[in-house]
Amino acid sequence: MLQVQYIRDNRDEVIERLRIKNFDATTVIDDVKILDEERRNLQKELDDALAESNKIAKEIGALYKQGKRDEAEKMKARTVELKQLSKDLGDKLANVVNDLEAKLVLIPNLPHASVPSGKTADDNELVHQEGDVPQLFESALPHWDLIKKYDIIDFDLGNKVTGAGFPFYKGKGAKLQRALINFFLDKALDAGYTEFQPPLMVNEDSGYGTGQLPDKDGQMYHVGEDNLYLVPTAEVPITNIYRNVILKAEDLPIKNAAYSSCFRREAGSWGAHVRGLNRLHQFDKVEIVHIAHPDHSYEDLEQMRDHVALLVRALGLPFRILKLCGGDLSFTSALTYDFEVWSAAQQRWLEVSSVSNFESFQANRMKLRFKDSDGKTKLAHTLNGSALALPRIVAALLENNQTPQGIKIPNVLFPYTGFELIS
RNA sequence: GGAGAGGUGGGUGAGUGGCUGAAACCAACAGUUUGCUAAACUGUCGUACCUGUGAAGGGUACCGGGGGUUCGAAUCCCCCCCUCUCCGCCA
């Protein structure tokens, strides 16, 4: 969430920039200003009342020591009043703070100055495209048929054992998964990332920290018995490592990478366009997370973008990079690049990575700060991106690389798969 | 699952009702000394909010979380959470 102080000092600018996200913030910002002023006034009154209480308590203590019981008893009358007063003020203050918070969480992150205006995904800006679109032979199949033909991924078994969206990977399909994960992780290590294996369940505080809670709780699987959530992405545990932490400036940037299974309920988002591997309840992903100095976070973003491009390129997949327009940008993001690979049999682009700079939006919520060289404690910037998400990469690989003889594995994966063809 | 112990500042750890936002030590930072390193010495050394706003200064809150007793709570009482140890079970 945004910092109150920033809103207070830059009202018009905030409203103006949020227009890019097609968000009219006028009312909520003015509410925030009013509530914030109320909060400060109440705070002052409360502090004054408590200060007087403290002073009297000290005097009473002193009087008791001198044996002046009567005088002490007399002073107690005022403390009764003050106690009631501070209780009332405290209650009022708590209410105002609650209302203020409730308003603040409604305000999206400010888009970066370079974000194009626009309403839908059609307005996203194409910033890069490379690779040749493969020409498939006559009897080429979409991946959901290929996986059956070669018996490498089994949705029916998943349906039987768990339910829709939980496939089994078998034989060379399973090996291919493992190969991709290891390939992605090795590349991350080459690029200077620290590898983590995070817990696959997180507590409530972590859900709030990265913003899945309170709004998007329906998207996570909840283990009620222990009040834990299955991670929708490794971003959640990896970023929450730094919740309530004050780092040193020289620690930045922190670059972490983690492979994890990801669990998403995807309630209400199923349809014809999400066949096969296009959308799953459980999938695998390698995630990269940066904690960056505010002055350099956009350099980090470019670095991450380059890293993801390197991965897709190495796999030989035609891809394009889009800069999301204001309307398509997520609530929490300031700037996002989407990576899409061409899926030859489906004849469509599939999103395989989303690389975002959240600036201090997440950091403010989870109190992720650092001590800068000027001695001041400031909010850090958080960034993350997929590097990469497996299922759609697999879908594109299968479709694009199919030949009458079988599916060709990209060269870079040979050392990991141990085979060159799925036949 | 059973039994017990415990949660205090970056760390160790003192503190059982007012003189404690918190001893001491360690770490860290700055400086003095120094051919270099080390050592020694000196100083600084929590966070948030309000006020002031160039800084300083002042006020309030925070000793796992919440509530209560009291003029006054890290300290007493109640509830909750978490961690550790031993036993049992077990990948």
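Because the structure is a prediction, the values reported are computed rather than measured. Letters A, B, ... mirror the listed sequences (proteins, then strands); counts begin at 1.
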If the [atom1] atom of [N] is compared with that of [M], how far apart are they to the nearest Å?
{"N": "C49(B)", "M": "G21(B)", "atom1": "C1'", "answer": "16 Å"}
{"N": "G58(B)", "M": "G4(B)", "atom1": "P", "answer": "49 Å"}
{"N": "G65(B)", "M": "G13(B)", "atom1": "C1'", "answer": "23 Å"}
{"N": "G43(B)", "M": "A48(B)", "atom1": "C1'", "answer": "26 Å"}
{"N": "C80(B)", "M": "A24(B)", "atom1": "P", "answer": "38 Å"}
{"N": "G10(B)", "M": "G18(B)", "atom1": "C1'", "answer": "30 Å"}
{"N": "G46(B)", "M": "G11(B)", "atom1": "C1'", "answer": "14 Å"}
{"N": "U32(B)", "M": "C26(B)", "atom1": "C1'", "answer": "22 Å"}

Just how far, in rounded Å, is [atom2] of [N] from [atom1] of [X]?
{"X": "E59(A)", "N": "C19(B)", "atom1": "CD", "atom2": "C1'", "value": "16 Å"}
{"X": "D205(A)", "N": "C82(B)", "atom1": "CG", "atom2": "P", "value": "12 Å"}
{"X": "L63(A)", "N": "G72(B)", "atom1": "CG", "atom2": "P", "value": "15 Å"}
{"X": "K248(A)", "N": "C29(B)", "atom1": "NZ", "atom2": "P", "value": "7 Å"}
{"X": "N244(A)", "N": "A48(B)", "atom1": "CG", "atom2": "P", "value": "11 Å"}
{"X": "D251(A)", "N": "G10(B)", "atom1": "CG", "atom2": "P", "value": "15 Å"}
{"X": "N227(A)", "N": "C80(B)", "atom1": "CG", "atom2": "P", "value": "16 Å"}
{"X": "K378(A)", "N": "A48(B)", "atom1": "NZ", "atom2": "P", "value": "13 Å"}

In the structure shown, which nucleotide is the Watson-Crick or G-U wobble counterpart of [N], with both distances under 3.5 Å?
{"N": "U85(B)", "result": "A3(B)"}
{"N": "U12(B)", "result": "A24(B)"}
{"N": "G54(B)", "result": "none"}
{"N": "U42(B)", "result": "A30(B)"}
{"N": "C36(B)", "result": "none"}
{"N": "A73(B)", "result": "none"}
{"N": "A91(B)", "result": "none"}
{"N": "A61(B)", "result": "U47(B)"}

H290(A)-Y193(A) aromatic ring centre distance below 6.0 Å:
yes

May I ask you to decide if N278(A)'s main-chain N or O and R392(A)'s side chain share a donor-acceptor pair within less than 3.5 Å?
yes

Is it the case that the side chain of D123(A) and the backbone of K119(A) share a donor-acceptor pair, with hydrogens and angles ignored and the cut-off at 3.5 Å?
yes

Can E73(A) and Y64(A) be counted as having a side-chain donor-acceptor contact under 3.5 angstrom?
yes

Taking atom types as modelled and ignoring hydrogens, do the side chains of D47(A) and Q43(A) form a donor-acceptor contact shorter than 3.5 angstrom?
yes

Looking at [X] and [Y], what are the two nearest heavy atoms and their distance?
{"X": "V236(A)", "Y": "S206(A)", "value": "CG1-O, 4.0 Å"}
{"X": "L413(A)", "Y": "A179(A)", "value": "CD2-O, 4.2 Å"}
{"X": "S356(A)", "Y": "T336(A)", "value": "OG-OG1, 2.8 Å"}

Below 30° counts as parallel, above 60° as perpendicular, anything between as tilted: where do the rings of H281(A) and Y221(A) land?
perpendicular

Separation between CZ of F283(A) and CG of L277(A), rounded to the nearest 0.5 Å:
12.0 Å

Tell me whether [X] is salt-bridged to [Y], with the criterion being a basic N under 4.0 Å from an acidic carboxylate O.
{"X": "E16(A)", "Y": "R19(A)", "result": "yes"}
{"X": "D30(A)", "Y": "R11(A)", "result": "yes"}
{"X": "E13(A)", "Y": "R17(A)", "result": "yes"}

Would you jot down, in residue-number order, the residues of residues 75-93 of chain A having a non-hydrogen atom under 4.0 Å from RNA chain B?
K76(A), T79(A), K83(A)

Would you tabulate the nitrogen or oxygen pairs shorter than 3.5 Å linking the protein to nucleotides 45-47 of chain B?
| unit_1 | atom_1 | unit_2 | atom_2 | d |
| --- | --- | --- | --- | --- |
| U47(B) | OP1 | K371(A) | NZ | 2.9 |
| U47(B) | O3' | R369(A) | NH1 | 3.0 |

Does NZ or CZ of K323(A) lie under 6.0 Å from the centre of the six-membered ring of Y337(A), at an angle within 45° of the ring axis?
no

Check whether any side-chain N or O of R39(A) sits under 4.0 Å from OP1 or OP2 of C50(B), and answer yes or no.
yes

Can you name the atoms? Protein N/O to nucleotides 59-66 of chain B N/O, anything below 3.5 Å, with the distance.
| unit_1 | atom_1 | unit_2 | atom_2 | d |
| --- | --- | --- | --- | --- |
| G59(B) | N2 | D47(A) | OD2 | 2.8 |
| U60(B) | OP1 | N54(A) | ND2 | 3.3 |
| U60(B) | O2' | D47(A) | OD1 | 3.2 |

